[in-house]
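Keep in mind that this is a model prediction, so the values were computed, not measured.
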Amino acid sequence: MIINKYLHDIGIAIESIITNKVKSLLTALGIIFGVAAVISMMAIGNGAEQEILEQIKMVGVNNIVVTPSELTVSDNNSGNSEDKTSTKKFSKGLSLLDVDAIRAIIPSVDKVCPVVSFNYSAMVDGKSKPIVLEGTNQTYFELFNINLQSGQLFNQFQDQAGQPVCIIGDNVREVFFKQDNPIGKYIKCGKIWLQIIGVAERRDFTASASDEMGISSSDNKIFVPIQTLLLRFKDRSLIRADEVEKVNSNKGGNGIVIIGGMEQSEDEIDSDPNINQLSKIIVQVKETEQLSATANIIKKMLLRRHSDLYDFEVTIPELLLKQQQRTKNIFNVVLGAIAGISLIVGGIGIMNIMLASVLERIREIGLRLSIGASKKDIIAQFLAESTLISVSGGIIGILFGIALTKTITAIFDIKTIISFFSIFVAFGVSAIVGISFGYLPAKQAAEKDPIESLRQ
């Protein structure tokens with residue numbers, strides 16, 4: 001009996017909403033946009049968090065990255081400025097000797113991986129594609145969590161002997177060997193033919209990831225043993241200023257310079273001022289707690305080895321990404337708060353319209369009270385009306401929020417993840433807002449004097 005009574009009140013509320021469709025829709029707009037804002041903002045936040053977690057996985061755990069940088073002079077040395085300016089300092093840049101020193105001297109280091117990168121053009125059967133040729137060792141794939149979809153990694157003999165073997169990225173495989181198995185076949189880089197022994201798994205790579213953090217896509221790369229690259233392609237440590245000065249005595253009429261036993265063109269020497277033998281050094285420490293201390297030791301050790309010249313940069317990608325994650329979490333909280341405020345504003349809009357509706361329908365209220373309706377019936381009617389408007393606005397807002405999230409992803413190429421939790425929170429809050437902000441107008445309607453109401 002009581003249930004039927006309240007169902008009757010809800011039926012009257014639904015009838016009132018249907019009768020005033022436009023007013024009800026305008027009343028629900030605040031809730032619609034508020035729910036959509038909550039869902040889309042939380043989707044952006046979830047996407048950003050997932051992206052950072054993927055980047056942390058890509059840079060590896062407990063990794064330190066050492067890269068070349070613009071040359072600066074350390075202030076560690078004492079002495080007057082006249083002595084500093086009169087003394088020429090020389091650094092040979094990052095080299096394999098630095099790798100050996102880091103591995104041998106620092107006990108907290110677990111693995112060290114040298115990397116050399118050059119831009120080349122790969123060719124198979126007359127088809128060419130610009131690629132990044134990267135010389136490294138087996139440790140590289142372990143440090144950066146790169147798995148092979150087929151084939152095998154370099155072995156120690158292939159690395160030490162500088163054999164012409166390679167592992168190609170997935171995009172390289174798609175271009176040259178889309179229908180074929182590339183294992184055992186050959187690909188030409190520059191003037192060198194390389195035998196393919198493995199294919200790296202595809203890795204989704206976002207533009208927001210930074211090479212400074214040691215993150216880069218492996219899809220457009222061809223990996224070779226580091227000795228293969230240094231012996232068969234190019235070793236920048238052999239291209240020194242004192243050797244370039246000998247160009248007139250070593251070159252022939254065709255403009256080719258013989259440096260370190262390898263042919264180099266004059267234009268190539270002039271266009272590549274980089275003297276670092278290595279493009280980067282990846283160092284993995286044994287424990288996360290040792291990251292900062294090990295990075296400081298590496299910095300001091302390299303500074304001494306490089307004649308107190310800061311021609312390198314030491315970064316800890318994992319710590320940078322975690323700091324970025326904390327910043328984004330704060331940003332997500334702010335965005336969620338702003339979206340939540342929009343829901344509150346929507347609730348205030350519902351309360352405002354419902355208060356106006358009470359004044360408009362004062363004769364209806366008086367008539368119901370005069371024929372025996374209780375104050376609870378009036379409260380149930382108006383409370384049901386405000387709640388239904390809020391809930392229906394929440395449902396529309398969920399659909400609009402999902403569409404808005406998909407649009408943001410399509411237009412701005414931002415990764416978004418819609419979670420059930422965000423939908424539940426947005427819908428739940430919209431229902432609570434409808435009940436909370438609808439109670440005051442409902443209570444005010446119930447307090448009306450039926451005699452005075454009918455007179456008006």
Side-chain angles (χ1 to χ4, degrees), residues 51-69 93-117 132 134-148 152-156 158-160 167 169 198 200-201 203 205 209-218 221 223-230 276-306 311-325:
E51 191 175 79
I52 291 175
L53 291 176
E54 289 175 356
Q55 290 178 12
I56 290 175
K57 183 180 178 182
M58 290 174 71
V59 300
V61 180
N62 300 343
N63 286 353
I64 299 171
V65 181
V66 185
T67 53
S69 66
L94 294 181
S95 68
L96 289 174
L97 295 176
D98 294 327
V99 174
D100 295 336
I102 292 172
R103 184 185 290 114
I105 296 173
I106 306 177
S108 60
V109 169
D110 187 25
K111 297 180 180 68
V112 185
C113 175
V115 180
V116 185
S117 299
V132 176
E134 200 152 271
T136 185
N137 56 28
Q138 293 184 22
T139 310
Y140 180 92
F141 299 90
E142 182 180 346
L143 295 183
F144 288 103
N145 301 297
I146 300 176
N147 298 317
L148 298 186
Q152 59 186 9
L153 297 174
F154 321 124
N155 57 43
Q156 189 174 0
Q158 289 168 336
D159 188 9
Q160 293 177 351
I167 295 171
E201 280 187 350
R203 304 181 82 195
F205 177 71
S210 170
D211 280 325
E212 294 178 359
M213 293 184 180
I215 308 174
S216 57
S217 174
S218 59
K221 289 182 179 179
F223 301 96
V224 298
I226 190 166
Q227 290 299 332
T228 301
L229 190 143
L230 295 176
N276 293 274
Q277 184 183 34
L278 304 180
S279 301
K280 67 176 73 169
I281 301 173
I282 314 298
V283 181
Q284 186 180 69
V285 299
K286 297 175 181 177
E287 301 292 340
T288 304
E289 294 76 13
Q290 300 171 332
L291 274 171
S292 298
T294 305
N296 289 332
I297 294 172
I298 291 173
K299 186 181 296 184
K300 292 177 180 179
M301 187 185 75
L302 291 180
L303 191 61
R304 178 172 293 183
R305 290 179 56 83
H306 292 204
D311 58 348
F312 60 90
E313 185 175 359
V314 180
T315 57
I316 307 175
E318 186 179 357
L319 296 186
L320 293 177
L321 286 171
K322 286 182 177 179
Q323 178 60 43
Q324 186 181 355
Q325 186 177 22

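With hydrogens and angles disregarded, no donor-acceptor distance shorter than 3.5 Å links the side chain of Thr228 to the backbone of Val224. Proximity of a side-chain donor or acceptor of Gln158 to a complementary backbone N or O of Asn155 within less than 3.5 Å is detected. With hydrogens and angles ignored, the 3.5 Å screen pairs a side-chain donor or acceptor of Ser279 with a backbone N or O of Ser117. At distances below 3.5 Å, at least one donor-acceptor pair connects side-chain atoms of Asn296 with backbone N or O atoms of Ser292. Of the possible donor and acceptor atoms, one in the side chain of Asn276 sits under 3.5 Å from a partner among the backbone N and O of Leu94.
In this structure the side chain of Met301 never reaches within 4.5 angstrom of the side chain of Asp98, judged on heavy atoms. Between Val65 and Ile281 the shortest side-chain heavy-atom distance does not fall below 4.5 Å. Counting only heavy atoms from C-beta outward, the side chains of Val115 and Leu278 never approach each other to under 4.5 Å. Side-chain contact between Val66 and Ile298 is present, with heavy atoms from C-beta onward closer than 4.5 Å. Residues Asn137 and Phe154 have side chains not in contact (no heavy-atom distance under 4.5 Å, counting atoms from C-beta outward). Taking 4.5 Å as the limit, some side-chain heavy atom of Leu148 sits within range of a side-chain heavy atom of Leu153. Proximity of Val116 to Glu134: side-chain heavy atoms (C-beta onward) are nowhere separated by under 4.5 Å. Residues Thr67 and Thr315 fail the side-chain proximity criterion, which asks for heavy atoms closer than 4.5 Å.
Atom NE2 of residue His306 and atom OG of residue Ser95 lie 6.0 Å apart, to the nearest 0.5 angstrom. Rounding to the nearest 0.5 angstrom, the gap separating the NZ atom in Lys286 from the CG atom in Leu291 is 14.0 Å. One distance of note links CD1 of Ile102 with CG of Leu97; it measures 11.0 Å at 0.5 Å rounding. Within the model, atoms CD of Gln277 and CG of Leu96 stand 4.0 Å from one another, a figure rounded to the nearest 0.5 Å. How far OG1 of Thr136 is from CZ of Phe223: 8.0 Å, rounded to the nearest 0.5 Å. Rounded to the nearest 0.5 angstrom, Lys111 NZ and Arg103 CZ are separated by 11.5 Å.
Crowding of Arg304 atom CZ: a count of heavy atoms from other residues, nucleotides or ligands under 6.0 Å not exceeding 12.
Contact between Ala295 and Ile316 at its shortest, heavy atoms only, is CB-CD1, 3.9 Å. Between Thr294 and Ser108, the shortest heavy-atom contact is OG1-OG, 2.8 Å.
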